[in-house]
Trainee: 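Below you will find the structure I want to go over with you.
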Amino acid sequence: MRDIKIFVFLLASTIMLNAQKAEAPDFNYEIGGKIEKMTVTSSGVLLITHGKGLAGIKPGKDGLLFNFDDYGKVKEEEIYIVPNSPYVMVGQAGFGGIAAKQSVIDIVSGKRLFDTKANGWKAAGRPTLLLPENKLIVSGQRTSKEKFVQAVGIYDMATGNEVKRFNLKGTNTLTGSPTIIDNGVILPTFKGVYKIDINTGTESWVVDIKNVAYVIPAKDGKSMYAVQGKGKNHVIHKISATGSQVWSEGKKLKGVVSNFEVTDKGLAIVSDVADSGKKGLGKLAAAKAQSNISFLSSATGEDLWEKAPKTKGYVQHFYIMDDGILFGVGEGGINKVSFDGKPLFKKPLKTGENIHTMALTKQGMIYITDSDADIINLETGASIWSKPIKYKKAKTVTSTYDEAHSRYLISTGNEIIAINENSGDISTLGSYKLEEKEYPTSIDVRNGGLLLSSSQNLMMLDFDGSQKFHEYFRSPGKSAFAVVALAAMTVASTTMAMDASAKAGANKNYLGQYNQYGAQKKREADMFAAIGTASFNEMVKRFTATAATEHAQFILTKLNDGVGLVKVNKDSGAVEKEIVLKDKKPTYEVDDFGGYLYYLANNNNIYAYNLKK
């Protein structure tokens, strides 16, 4: 009998140990409606859409931060998460497809700052958020109490309070994006472009230019440029501070404007011409599918270049330099033109397709494509080495700078190429092969060597290229994967930070230093701090904190007890933590900064695991 008791005790202990692997969650959230989707936002709040509305979870906090259950089921296309901000916009169609319900939620504070019904609107288009001003502009139809007039309202996002509201005449409606210039609200409408005094609400002026998509402030901060849509082409107009058209007529451009930079020398504009879809003689007669670069006089609108530079493709990189315009074409090629239209390179550079990187280094500008790389003298376009580095067209390309060894490292998918930054000597540092036919998505210089990472592989090479370790975790099957974009925040943040700095007069088309991730984070944090609300201040803390993924990588894999997530030390390859999800096809999200795993346990519950433990 005693032996049986010991056996039962040991069996129970074994079961208990196995159960501990599938640890109890640190937090359990009951949503109260069937969960449709969960998304880790750049603010750190987990946004959940469910059968009754929207809910939010703040990392490390008990209970739901908010749960708005008056929306009903919210479709994915009805939500707009404003990048690098605490705001989420919800627009739901009413009768006849009209967007009757519009609202804006500060998901960091958990407050709904704007709502069409609560603020007296019957129907409205998606609001326009202006940063760093932190103002919301709403346009639409007021309720029956105000005789359904068309109106525009301005709201302070720090408080949600209405700053100013004014009516539009007749049935006039907004057709483009509004903005604020020189203490006035600029409204591109069906009947023209209006300026409304922000203090009094009176009409300052109106210009008879219809179908304007948006306006851009001029250097003086008072006049502006209007980008007008004309089918597949755009026309540029200049409007004075008093509302008169400065140019005799608009400047017609081929294609749709994709980049517009106001410089001291003139207007640098990229417009893209799409493929006509025609064949035969019709295709020959159609405009070429490519980008066109124009440089216009800010005073007259005339083209300052006798001959525009050829692109032979779409402009992928576009930078305003002190002496001219530098650009790179996605189909291959880099060129530089002075502000008076003269070529600054001896001849355009021929490069491989898909330019991943154009950035400044100590020696010049480095570029890296799918099949070649080089550092060039930015004054002449000549290589500082004897010739470009060529390699077999890579499946994936990632690169880094190894400062301690004065070299650039390029991972081409099967090998690492080392380039001595001083001599330009090229060597193959090491070859590698990852399991499941994966290719590295990142290469990092760490204290102990060079780390190559992919979804299921972690490989450390010594600085001489020899392998120190290779840890592989078998994927549980493609159907089990959720998208864990650990670098998505960095990519998404660039647009918001650059747009905000452009409003302040900085050059948004800025050629940065190679490997300036830390500097980029600082710019973003500075932008949040300048806005200064409590929610943006929380984002400052998040963006200046150390990411939970700095020393560990989280990998979904098949464990002995089922599918789960492993926390792998980047410097040793050792598994530091296992979370068994007991689910063949788990739905989950990882917050790489906050360090939490959110797992959809069932239709109504989300489990959260602290990955920093």
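These values consider heavy atoms only, across backbone and side chains, with no hydrogens, waters or symmetry-generated copies.
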Trainee: Any luck finding a side-chain donor-acceptor pair between Asn354 and Gln316 under 3.5 Å?
Mentor: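 Yes.
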Trainee: Between Tyr71 and Ser103, what is the shortest heavy-atom contact and its length?
Mentor: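 For Tyr71 and Ser103, the tightest heavy-atom pair comes out as OH-OG, 2.6 Å.
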Trainee: Are any side-chain N or O atoms of Ser177 and backbone N or O atoms of Tyr214, one a donor and one an acceptor, separated by less than 3.5 Å?
Mentor: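 It does not hold such a pair.
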Trainee: Give me each pair satisfying salt bridge (charged side-chain N to carboxylate O under 4.0 Å, His left out) with a member in residues 51-64, each pair once, sequence neighbours excluded.
Mentor: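 For residues 51-64, and leaving out neighbouring residues, the salt bridge (charged side-chain N to carboxylate O under 4.0 Å, His left out) pairs sorted by first residue read Lys58-Glu538.
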Trainee: More than 12 non-hydrogen atoms from neighbouring residues, nucleotides or ligands closer than 6.0 Å to NZ on Lys265, yes or no?
Mentor: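 No - once you tally the heavy atoms of other residues, nucleotides and ligands closer than 6.0 Å, there are 12 at most.
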Trainee: Do other residues, nucleotides or ligands put more than 12 heavy atoms under 6.0 Å from Glu146 CD?
Mentor: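 Yes.
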Trainee: Mind telling me whether Tyr87 and Phe536 have parallel, tilted or perpendicular rings, with 30° and 60° as the class edges?
Mentor: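 Phe536 and Tyr87: perpendicular rings.
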Trainee: So does Asp583 pair up with Lys585, basic N to acidic O under 4.0 Å?
Mentor: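 Salt bridge flag = no for Lys585 with Asp583.
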Trainee: Is the shortest side-chain heavy-atom distance between Asn292 and Leu253 below 4.5 Å?
Mentor: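 Result no, sub-4.5 Å side-chain heavy-atom pair not found.
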Trainee: Could you walk me through whether Ser240 and Thr242 pass the side chain to side chain donor-acceptor pair (under 3.5 Å) test, one step at a time?
Mentor: CA-CA 5 Å; Ser240 73; Thr242 57; 3.0 Å; yes
Trainee: What are the two closest heavy atoms between Ile181 and Lys222, and how far apart are they?
Mentor: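 Closest approach of Ile181 to Lys222, heavy atoms only: CG2-O, 3.9 Å.
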Trainee: Once you measure the plane-to-plane angle for Phe260 and Tyr225, does it fall in the parallel (<30°), tilted (30-60°) or perpendicular (>60°) bin?
Mentor: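 Ring orientation of Phe260 relative to Tyr225: tilted.
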Trainee: Does atom CD of Glu249 have more than 12 heavy-atom neighbours, drawn from other residues, nucleotides or ligands, at distances under 6.0 Å?
Mentor: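 No, CD of Glu249 has 12 or fewer neighbouring heavy atoms, counting only those of other groups under 6.0 Å.
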Trainee: Would Lys117 and Asp70 pass as an ion pair if we require N to O under 4.0 Å?
Mentor: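 Salt bridge absent between Lys117 and Asp70.
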Trainee: Any donor and acceptor pair, going by atom type alone, linking the side chain of His317 with main-chain N or O of Ile355 inside 3.5 Å?
Mentor: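 The answer is yes, because a donor-acceptor pair under 3.5 Å joins these two groups.
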Trainee: Using side chain to side chain donor-acceptor pair (under 3.5 Å) as the criterion, list what pairs up with Asn28, not counting sequence neighbours.
Mentor: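 So Asn28 forms a side chain to side chain donor-acceptor pair (under 3.5 Å) with Asn605.
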Trainee: Verify, without hydrogens or angle tests, whether Trp247 (side chain) and Ala299 (backbone) share a donor-acceptor contact under 3.5 angstrom.
Mentor: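 Judged by distance alone, yes, a pair lies under 3.5 Å.
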